Amino acid sequence: MNPKWTDQEIAIVEAKAELYTPKQIASILKRHGYFRTPIAIATKLWALGYSTSPFLDNYSSAEIARVLCVHSTTVSGWVRRGWLKTSRRSSKRYQVRRWHLKNFFDNPPQHLKKRIASIDSEAINYLLGRKT
């Protein structure tokens with residue numbers, strides 16, 4: 001059984017979440033006397049609502065869907081229709097770059113404009129790395 005996360009561990013993870021990869025955060029925690037695997041850190045980042053990609057630059061469709069509070073098949077549909085550009089991460093996985101998201105939100109397809117407008121602007125700003 002895994003030990004519970006301490007408040008100090010969570011504070012370190014949150015402070016480093018947007019700048020470091022899970023592997024780098026594991027090294028930082030180790031220097032502070034904590035041992036967590038990169039997988040455990042990635043899981044904790046996801047649970048805390050952070051992207052596991054540093055600099056908020058690359059996202060999976062599931063991460064985008066979670067932040068925007070839409071179903072992941074909705075985001076996958078945007079990708080399949082070519083509205084949201086992606087790069088291939090592996091044979092079955094794609095990553096969406098921040099600038100592709102910016103282009104999508106700045107110029108959505110005509111029939112999606114109302115739906116995009118109804119999405120929380122703070123969530124969009126979070127994905128795009130904008131300061132609110």
Side-chain angles (χ1 to χ4, degrees):
M1 183 150 159
N2 297 327
K4 287 188 71 144
W5 286 79
T6 66
D7 291 337
Q8 189 175 13
E9 281 179 296
I10 293 171
I12 292 169
V13 168
E14 286 182 324
K16 307 298 182 189
E18 295 179 5
L19 300 174
Y20 298 95
T21 65
K23 187 175 181 179
Q24 291 169 323
I25 295 172
S27 295
I28 293 166
L29 285 172
K30 192 172 185 180
R31 281 182 285 198
H32 285 89
Y34 301 105
F35 178 75
R36 298 289 178 174
T37 65
I39 293 172
I41 293 167
T43 303
K44 190 61 163 179
L45 286 170
W46 184 85
L48 293 170
Y50 289 96
S51 171
T52 56
S53 306
F55 307 111
L56 300 177
D57 197 30
N58 303 316
Y59 297 97
S60 69
S61 59
E63 288 175 317
I64 295 168
R66 185 173 42 82
V67 171
L68 297 178
C69 297
V70 297
H71 200 276
S72 61
T73 57
T74 301
V75 178
S76 297
W78 296 343
V79 171
R80 271 194 318 277
R81 289 178 180 88
W83 298 334
L84 184 57
K85 304 290 184 221
T86 62
S87 303
R88 214 175 257 276
R89 190 182 309 178
S90 68
S91 63
K92 294 183 179 182
R93 304 266 185 220
Y94 294 91
Q95 66 183 10
V96 180
R97 301 254 184 218
R98 182 176 21 195
W99 62 83
H100 290 145
L101 277 171
K102 183 180 182 323
N103 289 338
F104 176 75
F105 288 124
D106 289 346
N107 303 305
Q110 186 64 34
H111 64 283
L112 285 181
K113 286 188 178 190
K114 285 184 180 177
R115 182 162 190 185
I116 298 298
S118 70
I119 293 175
D120 183 19
S121 62
E122 283 186 34
I124 293 172
N125 289 335
Y126 171 80
L127 287 172
L128 300 180
R130 295 178 182 159
K131 302 289 182 200
T132 55

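The basis for the numbers below is simple: all heavy atoms, side chains too, and nothing from hydrogens, waters or symmetry mates. Bear in mind the structure is a predicted one, so any value in this text is a computation, not a measurement. Residue numbers run from 1 in the order of the sequence given.
Heavy-atom contacts from other residues, nucleotides or ligands closer than 6.0 Å to NE2 of H111 number more than 12. More than 12 non-hydrogen atoms from other residues, nucleotides or ligands lie less than 6.0 angstrom from CH2 of W83. By the neighbour-count criterion of 12 heavy atoms within 6.0 Å, atom CG of D7 is sparsely surrounded, having that number or fewer from other residues, nucleotides or ligands.
Within the 4.5 Å cutoff, the side chain of S118 has no heavy atoms near those of the K114 side chain. Here the side chains of R97 and L101 are not in contact, with every heavy-atom distance at 4.5 Å or above. Looking at heavy atoms from C-beta onward, R36 lies in side-chain contact with E9 at the 4.5 angstrom threshold. Considering only heavy atoms from C-beta on, K85 stays 4.5 Å or farther from N103 through its side chain. P22 is listed as a side-chain neighbour of L45, based on a closest heavy-atom distance under 4.5 Å. Looking only at side-chain heavy atoms (C-beta outward), I41 and W5 come within less than 4.5 Å of each other. Proximity of Q95 to T86: side-chain heavy atoms (C-beta onward) are nowhere separated by under 4.5 Å.
Distance NE2/H32 to OG1/T6: 11.0 Å, rounded to 0.5 Å. To the nearest 0.5 Å, atoms CD1 (I124) and CD (E122) are separated by 11.0 Å. Going from atom NZ of K16 over to atom CD1 of I28 covers 5.0 Å, rounded to the nearest 0.5 Å. Atoms OG and CH2, on S60 and W46 in that order, are 10.5 Å from each other to the nearest 0.5 Å.
Hydrophobic clustering (ILVMFWY, side-chain heavy atoms < 4.5 Å, transitive): I39 and L29 are in distinct clusters. Cluster annotation: W99 is not connected to Y59 through the hydrophobic network of ILVMFWY side chains, with a link wherever side-chain heavy atoms come within less than 4.5 Å. A continuous path of ILVMFWY side-chain contacts below 4.5 Å connects L112 to I119, so both sit in one hydrophobic cluster.
Of all heavy-atom pairs between K102 and L128, the closest is N-CD2, 3.4 Å. What you find for A123 and V67 is that their closest heavy atoms are CB-O, 3.4 Å.
Between F104 and W78, the ring center distance clears the sub-6.0 Å criterion.
The main-chain N or O of G77 is found under 3.5 Å from a side-chain atom of R81 such that the two form a donor-acceptor pair. Within the 3.5 Å criterion, the main-chain N or O of T73 finds a donor-acceptor partner in the side chain of H71.
In summary, of the residues considered (L127, V79, T74, V70), a side-chain contact (heavy atoms from CB on, under 4.5 Å) with I64 occurs for L127 alone.
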